[in-house]
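See structure below.
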Amino acid sequence: RFFHRLGFRHPWSFITVKGDVSSSVEDHATYQGTKASSEAKSSKVFQSGYGEHFTVTTTSQWVQEAEWTEWFDRDDERGSGDWEKLSDLRTAFPDKLCTNPLDIQAVTDDGVPSNLTNE
């Protein structure tokens, strides 16, 4: 419904089952100007072939004035690996983390993104 009217910086979220147009749900938010963020969120309850119900939720955001922080490295003093929990980083760097991070990235010592390590 909204797809053909989407404009620059218009978040749009959409959920559907392939081949079942009646299952579609969507949401969109229009661009609010240079000092506002916006979010579109869709949610739908589905039923599996075994009768179990489950919910799928998707969001799309336009975030104004967001930026990445510097990389933080807090090695475990026991030498058992890196355990950089957000709560520990907030304690160690109270003025450098925002209150509601939108995303968190982690990499190995070799620069491999953590989501590609299977660990």
Side-chain angles (χ1 to χ4, degrees):
R1 189 172 75 175
F2 298 116
F3 179 74
H4 294 290
R5 296 187 310 228
L6 292 176
F8 180 61
R9 299 179 181 159
H10 287 202
W12 176 57
S13 75
F14 180 76
I15 301 171
T16 193
V17 174
K18 184 178 179 181
D20 183 4
V21 176
S22 67
S23 72
S24 299
V25 292
E26 66 179 318
D27 186 29
H28 91 291
T30 56
Y31 180 57
Q32 302 293 319
T34 59
K35 295 293 181 191
S37 300
S38 55
E39 177 180 73
K41 183 174 185 176
S42 297
S43 188
K44 177 117 178 140
V45 176
F46 293 95
Q47 186 173 2
S48 74
Y50 299 106
E52 298 171 331
H53 289 85
F54 61 97
T55 303
V56 174
T57 302
T58 182
T59 60
S60 174
Q61 295 179 320
W62 164 253
V63 179
Q64 186 64 33
E65 297 183 13
E67 61 185 51
W68 288 105
T69 63
E70 62 189 83
W71 284 99
F72 298 109
D73 185 7
R74 292 196 66 243
D75 289 327
D76 184 276
E77 300 82 24
R78 296 166 292 168
S80 64
D82 282 342
W83 306 99
E84 277 119 350
K85 296 188 301 186
L86 188 56
S87 59
D88 294 340
L89 291 173
R90 286 193 194 288
T91 300
F93 308 101
D95 298 330
K96 295 188 178 188
L97 287 132
C98 62
T99 55
N100 284 321
L102 298 173
D103 199 4
I104 296 174
Q105 292 181 337
V107 297
T108 66
D109 287 337
D110 300 329
V112 176
S114 61
N115 62 327
L116 300 178
T117 65
N118 297 323
E119 293 180 12

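Just the heavy atoms: all of them, side chains too, but no hydrogens, waters or symmetry mates, feed the values below.
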Exercise. For Val21, what residues pass the side chain to side chain contact (heavy atoms under 4.5 Å, CB included) criterion, not counting sequence neighbours?
Worked result: none
For this session: Please examine the side chains of Lys96 and Thr69, heavy atoms only from C-beta on, and report whether any two atoms are closer than 4.5 Å.
Result: no
Exercise. For Val112, what are the other residues in its hydrophobic cluster, where any two members join if their side-chain heavy atoms are less than 4.5 angstrom apart?
Worked result: Leu116
Exercise. In the hydrophobic clustering that connects Ile, Leu, Val, Met, Phe, Trp and Tyr at side-chain heavy-atom distances below 4.5 Å, which members other than Phe46 occupy its cluster, ordered by chain and number?
Worked result: Ile15, Val17, Val25, Phe54, Val56
For this session: Tell me, please, which residues at least two apart from Thr55 pass side chain to side chain contact (heavy atoms under 4.5 Å, CB included).
Result: Ser43, Val45, Thr57
For this session: Enter the distance from Arg90:CZ to Asp95:CG here, rounded to the nearest 0.5 Å.
Result: 12.0 Å
Problem set entry | Of all pairs that satisfy ring pair (Phe, Tyr, Trp, His ring centres under 6.0 Å), the ones with a partner from residues 88-119, not counting sequence neighbours | Phe72-Phe93
Seminar exercise, completed: Between Thr91 and Pro94, the two heavy atoms sitting closest are O-CD, 3.6 Å
For this session: Mind checking side chain to side chain contact (heavy atoms under 4.5 Å, CB included) for Ser87 and listing every partner two or more places apart, or none if nothing turns up?
Result: Lys85
